[in-house]
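Some notes on the structure that comes next.
Below, read A as the first sequence line, B as the second, and so on, with proteins coming before strands; counting in each chain starts at 1. Since this is a predicted model, take the numbers as computed values, not measurements.
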2 protein chains.
Amino acid sequence: MNPIEPIELADFKVGVDNVIFSVDTQQNRLLVLLIKRLNYPFSSYWSLPGTLVRQGETLEKAAYRTLSELIRVNNLYLEQLYTFGGPNRDPRELPESFGVRYLSVSYFALVRYEEAELIQKQSNFPSWYMIEKIPQLAFDHNQILDYGYQRLKSKLKYSPIVFDVLPELFTLNDLYQFYTTILGENFSDYSNFRNKLLKLGFLFDTGVKVTKGAGRPASLYRFDAPSFAPLKDQPLLFI
Amino acid sequence: MNPIEPIELADFKVGVDNVIFSVDTQQNRLLVLLIKRLNYPFSSYWSLPGTLVRQGETLEKAAYRTLSELIRVNNLYLEQLYTFGGPNRDPRELPESFGVRYLSVSYFALVRYEEAELIQKQSNFPSWYMIEKIPQLAFDHNQILDYGYQRLKSKLKYSPIVFDVLPELFTLNDLYQFYTTILGENFSDYSNFRNKLLKLGFLFDTGVKVTKGAGRPASLYRFDAPSFAPLKDQPLLFI
DNA sequence: ACAAAAGTGTTACCGTTACACCCATGC
DNA sequence: GCATGGGTGTAACGGTAACACTTTTGT
């Protein structure tokens, strides 16, 4: 950045918009959290939850703040997505507003539906929408959401982000259901999925058994970060 | 973004910082373009080329503008990297400046060294630095550069970005050298690299031969985007 | 006993790896 | 002729995909 520039620089308000995914393994649904806009512009449209960044606040903190006002959750994964910053994204950018631009830094979050408790005190009707039934959203939020969905799917395949979202202890079936819900039934069969993951050597059987209705009890496993570390930079594929 | 907020919002200047890589296949070097800062802050430090975003200008346009003021090039690849936006990135953010923040949207660009003609009229000494010999840079630019380098290496493996940078027609050796320069000698042997790529079916032999000193003449190949299209979303690895 | 859930085993197939080898040109 | 760069072939190996099968529980 060169400090001496002509005077036609743009002034920005920076917002953070969040694509908050939740995985409902019970009903095999992938959900996105939307809120209803109450004000101009795009009043009464659904939109991604977001906020404008405050003084002294990092972008990530702003993303967390938005999230924590809507849901209460213990385990989550959060990652910056992309920055959408073209002019005319926002109708509030009037010519008479001295070139104020609205720039959106988008984040995507991943939580478990079972664990994510919606804080319903909000006046803007926060609601989970199935990914297949997203309505037309305010601003360029459909584009942001699509981008986030792509990123989620690819990231799941080569990064251990699941283990930030699942509880400490989980069964291999929990893990499999998680993947299935996001990637679809056909990504791998259970037996091969099991073998591949166990062979990688960062999942440890705690020996503790847990039973889920009828059927043989399942072992609870734990993700061991140190064992995963050496695989970090390799183009390892989980699927 | 909620339009009604308390008054402690941050005001931003948005800058674009570019990690411009060039690949010198002749000498097997990966280079980064740096400029010398002439003003406060970080005066006389080397830094990534960047600019502040102007009114009516998209982020990407701002990135192109910076690039085109420094080099003249035909084929290039450009992609948004990450947005660094924490407070206190920039010493110009004084408490008395009413909370003006400097936010940096970083881009990475990839060109061929042979083709990139440096515009030396610039007063800020634009220079190519070998990736292994980057000095301490201004701001958080070392961090940005590292991030860009990681992205470059991983992107190269699963995305056909090379073909945006190479000329229309190229030999398979050109292609191999390109990969070797960025990923190192050991990523694959030439014979296997050849077979793998040709089997994918998006490289076409034009039949035209080109000779390079002694040795058998090489065929010129062309990248066929339509043939690649179906492979677009698969987790295909080139290496 | 039987269904349900968890976990093991088997086999054909395909891609990767690490080479050795052949081809065409300049000097 | 021989060095140089370009291109082909092959055989061992290991991972993947699709499936059958066994084990352990609840009812």
Side-chain angles (χ1 to χ4, degrees), chain A residues 25-28 114 156-158 166 169-181 183-222 230-231 234-239, chain B residues 25-28 114 156-158 166 169-181 183-222 230-231 234-239:
Chain A
T25 45
Q26 251 91 81
Q27 297 180 65
N28 242 268
E114 295 80 5
L156 208 62
K157 288 180 198 162
Y158 64 82
L166 289 177
L169 303 177
F170 50 86
T171 69
L172 291 180
N173 227 0
D174 290 340
L175 195 58
Y176 181 67
Q177 289 308 323
F178 200 97
Y179 272 87
T180 299
T181 303
L183 300 176
E185 298 278 345
N186 339 346
F187 79 97
S188 173
D189 99 0
Y190 176 58
S191 153
N192 295 327
F193 177 81
R194 254 185 88 83
N195 289 330
K196 184 160 185 180
L197 275 173
L198 290 178
K199 204 175 292 175
L200 292 171
F202 51 72
L203 295 181
F204 288 110
D205 190 341
T206 62
V208 183
K209 303 284 179 183
V210 70
T211 183
K212 182 173 151 192
R216 176 172 173 175
S219 267
L220 286 175
Y221 283 78
R222 163 183 282 117
L231 307 171
Q234 289 167 251
L236 122 97
L237 290 177
F238 287 110
I239 54 144
Chain B
T25 45
Q26 249 91 84
Q27 296 180 68
N28 242 268
E114 294 80 6
L156 207 63
K157 288 180 197 163
Y158 64 82
L166 289 177
L169 302 177
F170 50 86
T171 69
L172 291 179
N173 229 358
D174 291 340
L175 195 56
Y176 182 68
Q177 290 308 323
F178 200 97
Y179 271 88
T180 298
T181 303
L183 300 177
E185 297 279 345
N186 339 344
F187 80 96
S188 174
D189 100 1
Y190 176 58
S191 153
N192 295 328
F193 177 82
R194 253 185 89 83
N195 289 329
K196 184 160 186 180
L197 276 172
L198 290 178
K199 204 176 294 176
L200 292 170
F202 51 73
L203 294 182
F204 289 109
D205 189 341
T206 61
V208 183
K209 304 284 179 184
V210 69
T211 184
K212 183 173 150 191
R216 179 172 171 175
S219 266
L220 287 175
Y221 283 79
R222 162 184 281 118
L231 307 172
Q234 287 166 254
L236 123 97
L237 291 176
F238 287 110
I239 56 142

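For a distance-only test at 3.5 Å, the side chain of A:Asp189 fails to qualify as a donor-acceptor partner of the base of D:dA17.
In this structure, B:Arg216 atom CZ and C:dA24 atom P are separated by 5 Å, rounded to whole Å. At whole-Å resolution of the value, CG in A:Asn195 and P in D:dC21 are 18 Å apart. What separates CG of A:Asn192 from P of C:dT10 is a distance of 15 Å, to the nearest Å. Note: NZ (A:Lys209) to P (D:dT23) measures 14 Å, nearest angstrom. The NZ atom of B:Lys212 sits 18 Å away from the C1' atom of C:dC23 (whole-angstrom rounding). Distance, B:Leu172 CG to D:dT8 C1': 13 Å, rounded to whole Å. In this entry the distance linking CD of A:Gln177 with P of C:dA5 reads 10 Å, nearest Å. Taking atom CG of A:Leu198 as the reference point, atom C1' of D:dG15 lies 16 Å away to the nearest angstrom.
Counting only distance, with no hydrogens or angles, the side chain of B:Glu114 and the backbone of B:Thr25 share a donor-acceptor pair below 3.5 Å. Under a 3.5 Å cut-off, the side chain of B:Asp174 and the backbone N or O of B:Thr171 do form a donor-acceptor pair.
Side-chain rings of A:Tyr176 and A:Phe187 approach one another, their centers coming within less than 6.0 Å.
B:Ser191 comes within contact range of at least one nucleobase, with a heavy-atom separation under 4.0 Å.
Between A:Lys196 and D:dG15 there is no side-chain polar atom (N or O) within less than 4.0 angstrom of OP1 or OP2.
Between D:dT24, C:dA24, D:dG26, one nucleotide has an atom nearer to the side chain of B:Pro217 than all others, and that is C:dA24. With C:dG26, D:dT25, D:dG7 as the candidates, the nucleotide lying closest to the side chain of B:Ala214 is C:dG26.
The shortest heavy-atom contact between A:Phe193 and A:Leu172 is CE2-O, 4.2 Å.
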